[in-house]
Amino acid sequence: MAKVTVGLPQGTRDFGPDVVRKRNYILSTIRNVFELYGFQPLETPAMENLDTLMGKYGEEGDKLIFKILNNGLDNPEKEKQVRDDFEKVLRGKNNKGITERALKYDLTIPFARYVAMNHSQLTFPFKRYQVQPVWRADRPQKGRYREFYQCDADVVGSKSLMNEVELINIYFTVFEKLNIDCTIKINNRKVLTGITELTGKPITTKAFASIIDKLDKVGIDKIKSELFELGFTQNDWTKIEKFLKIADETPGLHQFASLKMDSSIAAEGIDEVSYVISHLSDAQKKKIVFNSSLARGLDYYTGCIFEVKANNVQMGSIGGGGRYDDLTGLFGVPNIPGVGISFGVDRIYDVMEELQLFPEEVHIGTQVLFFNLGTAESKVAFSLLQPLREKGVRGELYHENSKFDKQFKYAEKKNIPYVVILGEEEVKAGTVKLKNIKTGEQQTLSQEALINFSFI
RNA sequence: GUGGUUAUAGCUCAGUUGGUUAGAGCAUCAGAUUGUGGUUCUGAGGGUCGCCGGUUCGAGCCCGGUUAGCCACCCCA
């Protein structure tokens, strides 16, 4: 056999037929739920102008953006300019002479760009969903790829907290349909701001939040020592410790009464979370957890923050989102508030694979295979196959007159549940033999009865 | 970006302190079986041991480099 000399770029994957089927099962489930809640589809280009993306995801984010090299750099007339421009790139400065486009890093910023460009035509509140691949130049590892799909739903142009309630319901509905047991963590950026203010330290909410965000992972002692290194005193620590300690206690909000008294901004955040939780069903309330240390990295969140974690499996978050007051302001159109969520399809896939949650039917493509037992026989087979296809039955005729053995094995490998045997005898009698390959049951039907047979 | 770890047949993996011609299971193909697959039996094909270099009389095994996978950190879906 010839030696294969080709490969895939790091962190990317091919998806074979079986995998695509399973991925589509997830994607169509999510899309259907988005539509149920009145969201409309949107697609944006794979690439954006570099300016649109840079600086939106923090310093780390900038490094992880895949830049696209400009064309025509080999033009001899431009050689000097290209060399000068490349010098600047080497010094860590992006330069339009070398690159001015990049692959999109998420769906939220391109959406904000779209809204900014089209705000005068849109009907607000504008509810859109978007299912597309995004790219990050991250080092691959478990549940992390360089090309992966995001499924986002956002509402812009409304401050109503009912949007948050709806989005959480979308999460619960989708994961229930997929049979994934999960927990939604909720927090509010204003709570983080409040706790940060309470410390009285000159530290930004973002810096503070990114430290306490690791609470679940590293434990409270590590957080404490890290903060002390930044100049926190025992006195500062005492003020905030009690709030960190009640993280993950559902809903635990009443325990924040003292924080509400000390910080009006925190009070606002706590009220928002209470409002949202109060609109959930009792069953949902059991699966949502207020977590005052939940931060998430993105700079632009201003209100509620969500994160979804699958239970009983070792995997990072399978979804996340939050409210942002002024995302389009970055593109010159102020005062359009929004809130959105995102599903991580690739991780959801990995979770479902690990917990074996894909239903059996997902694997069935072709429902019925007609055996090819000769020229005259296959002609009759074809005349029966076409009406079945018209009725929506997925069927195929074996491509050549081969031994039974071969044709059976083909059906087995393709996971086709039914085979139709139509040979000389059957042609004469005007019948067919229909065999269920799983159970081994075989019946003789008239050709007319076959066309009316209900294939599952 | 930092660190760890792995790389042997299409797949999953053995391969002893460095020693002749590198093995197994599964899969594939052919036959037993020209109108009944899955089970069974027989046989066959398939490997420059990731790539480059070094040590050695001799390297799948030791050393250096490199590429890729996996895992962790950072960060994140």
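Residue numbers begin at 1 in each chain, while the letters A, B, ... track the order of the sequences.
- Atom NZ in A:Lys185 sits roughly 13 Å away from atom C1' in B:C76 (whole-Å rounding).
- With C1' as the reference atom, B:A44 and B:A9 are 14 Å apart, rounded to whole Å.
- At B:A72, one or more side-chain N or O atoms of A:Gln141 fall inside 4.0 Å of OP1 or OP2 (strictly under the cut-off).
- Within the nucleic acid shown, A:Ser317 comes within 4.0 Å of sugar-phosphate atoms alone, with no base atom in reach, counting heavy atoms only.
- Across every strand in view, B:A44 sits in a pair with B:U28 that passes the Watson-Crick or G-U test at under 3.5 angstrom.
- Ring centroid separation for the pair A:Phe370 and A:Phe382 does not come in under the 6.0 Å cut-off.
- The residue A:Gly321 sits apart from the nucleic acid: no heavy atom pair falls under 4.0 Å.
- Nearer to the 5' terminus of RNA chain B, by closest-nucleotide assignment, is the contact made by A:Ala137 (compared with the other of A:Ala137 and A:Tyr149).
- For A:Arg139 against B:C73, no side-chain N or O and base N or O form a donor-acceptor pair under 3.5 Å.
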Footprint string (nucleotides 34-40 of chain B, 5' to 3'): B base within contact, S backbone only, - free, heavy atoms under 4.0 Å | -BBBB--
Determine, step by step, whether A:Gln407 and A:Val419 satisfy the side-chain contact (heavy atoms from CB on, under 4.5 Å) criterion, reporting the C-alpha distance in whole Å, the side-chain angles of both residues, the deciding distance to 0.1 Å, and the verdict.
-> CA-CA 9 Å; A:Gln407 306 202 37; A:Val419 298; over 6 Å; no
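- Nucleotide B:C61 is matched to nothing when pairs are restricted to Watson-Crick or G-U wobble geometry with both distances under 3.5 angstrom.
- Side-chain rings of A:Tyr129 and A:Phe39 stay apart, their centers remaining 6.0 Å or farther from each other.
- With salt bridges taken as basic N to acidic carboxylate O contacts below 4.0 Å, none links A:Asp85 and A:Lys96.
- Side chain A:Arg144 to base B:C75: a donor-acceptor pair is found below 3.5 Å.
- Comparing atom distances between the A:Lys142 side chain and each of B:C75, B:C76, B:A72 picks out B:A72 as nearest.
- No contact: A:Gly58 has no heavy atom under 4.0 Å from any strand.
- Centroid-to-centroid, the aromatic rings of A:Phe358 and A:Tyr349 come within less than 6.0 Å.
- Listed candidates were B:G69, B:A72, B:A77. Nearest to the side chain of A:Gln150 is B:A77.
- When heavy atoms are screened at a 4.0 angstrom cut-off, A:Phe371 is found touching no nucleic acid atom at all.
- When rounded to the nearest whole Å, the span between CD1 of A:Ile65 and P of B:A77 equals 14 Å.
- In this structure, A:Lys309 contributes its side chain and A:Met315 its backbone to a donor-acceptor pair below 3.5 Å.
- Look at NZ on A:Lys104: it is 16 Å from P on B:A77, rounded to the nearest Å.
- In this structure, the CE atom of A:Met352 is 16 Å from the C1' atom of B:A77, given to the nearest Å.
- Using a 4.0 Å cut-off between charged side-chain N and carboxylate O, A:Asp346 and A:Arg144 make no salt bridge.
- Put simply, CZ on A:Phe148 is 12 Å from P on B:C76, counting in whole angstrom units.
- For the pair A:Asp62 CG and B:C75 P, the interatomic distance rounds to 15 Å; values are reported in whole Å.
- Between A:Lys222 and A:Glu226 there is a salt bridge, since at least one side-chain N of the basic residue sits less than 4.0 Å from a carboxylate O of the acidic one.
- Distance CD (A:Glu226) to C1' (B:C73): 13 Å, rounded to an integer number of Å.
- Summarising the geometry, the separation between NZ on A:Lys63 and P on B:C74 is reported as 14 Å, rounded to the nearest angstrom.
- A stacked arrangement is not assigned to A:Phe343 and the six-membered base ring of B:A77, the conditions of a centre distance below 5.5 Å and an interplanar angle below 30° not being jointly met.
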